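For reference, the structure discussed in these notes is given below.
Chain naming here is simple, since letters A, B, ... match the order of the sequence lines and numbering starts at 1 in each. A quick note: this is a predicted structure, and the numbers were derived from the prediction, not measured. Heavy atoms only: backbone and side chains are in, while hydrogens, waters and symmetry mates are out.
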Amino acid sequence: EVQLVESGGGLVQPGGSLRLSCAASGFTFSSYDMNWVRQAPGKGLEWVSYISTGGGATYYADSVKGRFTISRDNAKNSLYLQMNSLRVEDTALYHCARDLVSYDYVFDVWGRGTLVTVAS
Amino acid sequence: DIQMTQSPSTLSASVGDTVTITCRASQSISNRLAWYHQTPGKAPKLLIYKATSLQSGVPSKFSGSGSGTEFTLTISSLQPDDFATYYCQQYYRYSYTFGQGTKLEIK
């Protein structure tokens with residue numbers, strides 16, 4: 001079964017850091033571009049970051065640029081999001097999402113998400 | 001950024017009905033539009049991409065149309081599983097924005 005499972009969320013104070021992980025299974029992880037997409041409580045969806053198959057290309061939403069870093073370890077079938085200088089407005093459910101083959105930024109497999117709460 | 005606006009925000013319908021959701025882009029996005037649905041506590045699911053292409057495994061009761069700035073998602077013969085929140089998303093240009101969602105409720 002194709003599956004993405006996120007972990008690493010939690011409660012953190014403003015200005016703090018957190019590292020999210022996403023474990024992939026059921027498909028050849030190294031063949032797919034990957035993304036993080038977040039959803040603030042009761043709100044819609046927001047694309048956060050993208051990484052290419054080999055990790056050589058990374059892109060970020062303006063709202064997180066310079067604070068978040070996406071990375072991957074293909075040997076471990078894992079995707080990561082290092083989040084620094086966290087703000088209250090970063091509070092959200094963070095999903096990892098796989099790109100549909102040949103369609104960048106169309107997300108055909110999603111994880112259920114890990115909740116990040118930024119509060120003092 | 002390209003703004004995506006869905007209407008209506010909430011839609012009430014009955015089992016067996018056919019409904020249509022509209023998504024408008026603030027500028028032309030060609031046919032670079034996807035539709036997803038999400039039920040509470042679950043991950044979003046891709047339904048349609050390239051405005052009209054049905055994702056593998058998605059039943060043909062879902063159909064998409066449109067190009068440029070105006071798009072529609074039609075769902076026929078509504079079943080209980082279909083009552084969810086639906087999102088459109090443009091992937092024409094950074095920052096790959098989503099609509100605010102349309103909540104489909106049972107009447």
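Residue Y60(A) touches chain B through its backbone alone, counting heavy-atom pairs closer than 4.5 Å. Only the side chain of V37(A) comes within less than 4.5 Å of a heavy atom in chain B; its backbone stays farther off. If you measure heavy-atom distances from Y103(A) to chain B, the contacts under 4.5 Å come from the side chain alone. In this structure, no portion of L93(A) lies under 4.5 Å from any heavy atom of chain B.
Interface summary for chain B: among D108(A), L100(A), D104(A), the most heavy-atom pairs under 4.5 angstrom belong to L100(A). Per-residue heavy-atom pair counts under 4.5 Å with chain A were compared for G101(B), A34(B), S95(B), and the maximum is reached by S95(B). Across A61(A), G111(A), G44(A), the residue that shares the most heavy-atom pairs under 4.5 angstrom with chain B is A61(A).
Residues Y105(A) and Y91(B) approach most closely at O-CB, 3.8 Å, considering heavy atoms. Residue A43(B) comes nearest to W110(A) through the heavy atom pair CB-CB, 3.7 Å, listed as atom of the first residue, atom of the second, then distance. When all heavy atoms of V106(A) and Y49(B) are compared, the pair lying nearest together is CG1-CB, 3.9 Å.
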Would you please test D62(A) and Y94(B) for side chain to side chain donor-acceptor pair (under 3.5 Å) and show each step?
CA-CA 10 Å; D62(A) 284 345; Y94(B) 178 94; 2.8 Å; yes
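Ring-plane geometry between W47(A) and Y96(B) is classed as perpendicular, the angle between the planes exceeding 60 degrees on a 0 to 90 degree scale with a lower cut at 30.
Here the straight-line distance linking atom OH of Y87(B) with atom CD of Q39(A) works out to 4.5 Å at 0.5 Å rounding.
Hydrophobic clustering (side-chain heavy atoms under 4.5 Å, transitive across Ile, Leu, Val, Met, Phe, Trp, Tyr) keeps V2(A) apart from L47(B).
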